[in-house]
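So you know, we letter chains A, B, ... as the sequences are listed, proteins then strands, and number each from 1.
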Protein chains: 2
Amino acid sequence: MATEVITYNEDLIKMARIAKALSHPARLQILNILSKQTCCYSGNIAGEFPIALSTLSQHLKELKDSGLIQGEIMHPNIRYCINPENWHLAKELIDKFFNGYSLITEECCK
Amino acid sequence: MATEVITYNEDLIKMARIAKALSHPARLQILNILSKQTCCYSGNIAGEFPIALSTLSQHLKELKDSGLIQGEIMHPNIRYCINPENWHLAKELIDKFFNGYSLITEECCK
DNA sequence: TTTGTATTTCGTAAAAATACGAAGCAAAAG
DNA sequence: CTTTTGCTTCGTATTTTTACGAAATACAAA
């Protein structure tokens, strides 16, 4: 097979990257848990829903790679936080994307 | 391997589903093209960027399945539209998700 | 009915995502 | 120094995604 690589606009790729980070319930769950804290989270995330530690770690890595969260080792724990800047950035990108549509007459969509 | 299925909150699954639909540049590109129209799009999407027709069709199917767009056969063309209701629904879900965070002091994230 | 046009489905290949247990690692505690 | 604790990396299996060309399909037009 070819499985050719197509190049896309930079913003599109960035947006797709964020969406991909949000595209798994476990990762959304993790973000939800982080959000419920007044500050960073240092507890046992794996204790909050049934997931293997190694799987959780993979999801955390993905979220970290996407920039949405940040983690810092504070032995013997890890403090996980949402990354505020990137969070806002993501929010803006998505807003921009969704507001780019006029959706004028819903008539013509019939 | 087990590859166990974990059950998540319904809203989380819905949100993940939408995010997944948005997680590929080609699909974002398609949505962008649809958005540039004053109404539905009946042109040749494959002509707007290099992609095989069959691949495009697959992406369109995913977008349709996610509910974000709708397509209607108007031979010899197809009219593709954004699905306004689901679009708003998606927007609201995402907004709710992103606004769920207080992100109070960015201090504590340092 | 045959031809043309536009799209989808099928078959298939390759890559990426998902999940787990076992093993590894790094710092604190003993 | 050894043990404990908590997380990550490795190895691996399975499933899903992505991509394409070829074949099929559907209707309109000739």
Next on the checklist: OP1 or OP2 of C:dC20 versus the side-chain N and O atoms of A:Thr55: is any pair under 4.0 Å?
Outcome noted: yes

Any side-chain heavy-atom pair of A:Leu60 and A:Ile78 under 4.5 Å:
no

Closest to the side chain of B:Leu60, out of C:dT8, C:dC20, D:dT8, is C:dT8

In whole angstroms, the gap separating P of C:dT7 from CG of B:Asn44 amounts to 7 Å

Between NZ of A:Lys61 and C1' of C:dA16 the distance, given in whole Å, is 14 Å

Comparing A:Leu56 with B:Ala26, nearest DNA chain D nucleotide closer to 5' gives the residue A:Leu56

Atom CD1 of A:Ile30 and atom P of D:dC7 are separated, to the nearest Å, by 12 Å

Exercise. Would B:Leu31 and B:Leu63 satisfy side chain to side chain contact (heavy atoms under 4.5 Å, CB included), going step by step from the backbone distance to the final call?
Worked result: CA-CA 9 Å; B:Leu31 291 172; B:Leu63 286 171; 4.1 Å; yes

Atom CD of A:Gln29 and atom P of C:dT18 are separated, to the nearest Å, by 15 Å

If the cut-off is 4.0 Å, is A:His59 near the phosphate of C:dA19, judged by side-chain N/O to OP1 or OP2?
yes

Which of D:dT17, D:dT9, D:dT18 is nearest the side chain of B:Lys20? It is D:dT17

Does some side-chain heavy atom of A:Phe49 sit less than 4.5 Å from a side-chain heavy atom of A:Ile30?
-> yes

When rounded to whole Å, the CZ to C1' distance for the pair A:Arg79 and D:dG6 reads 17 Å

Comparing nearest nucleotides in DNA chain D, the 5'-proximal residue of the pair B:Glu62, A:Ser54 is A:Ser54

Separation of C:dA28 atom C1' from A:Ile78 atom CD1, nearest Å, is 15 Å

- Between A:His24 and C:dA19, does any side-chain N or O lie under 4.0 Å from OP1 or OP2? yes

Taken to the nearest 0.5 Å, the spacing of A:Ser23 OG from B:Lys20 NZ works out to 5.5 Å

Open item on the list: Does A:Gln58 contact C:dA19 through a side-chain donor or acceptor facing the base, at a distance under 3.5 Å?
Closed with: yes

Against the side chain of A:Ala52, the closest entry in D:dG21, D:dT9, C:dG21 is C:dG21

**Message:** Can you tell me how the ring of B:His24 sits relative to the ring of B:His59, calling it parallel under 30°, perpendicular over 60° and tilted otherwise?
**Reply:** tilted

In whole angstroms, the gap separating P of C:dA6 from OH of B:Tyr80 amounts to 14 Å

Between CG of B:Leu53 and C1' of D:dA19 the distance, given in whole Å, is 13 Å

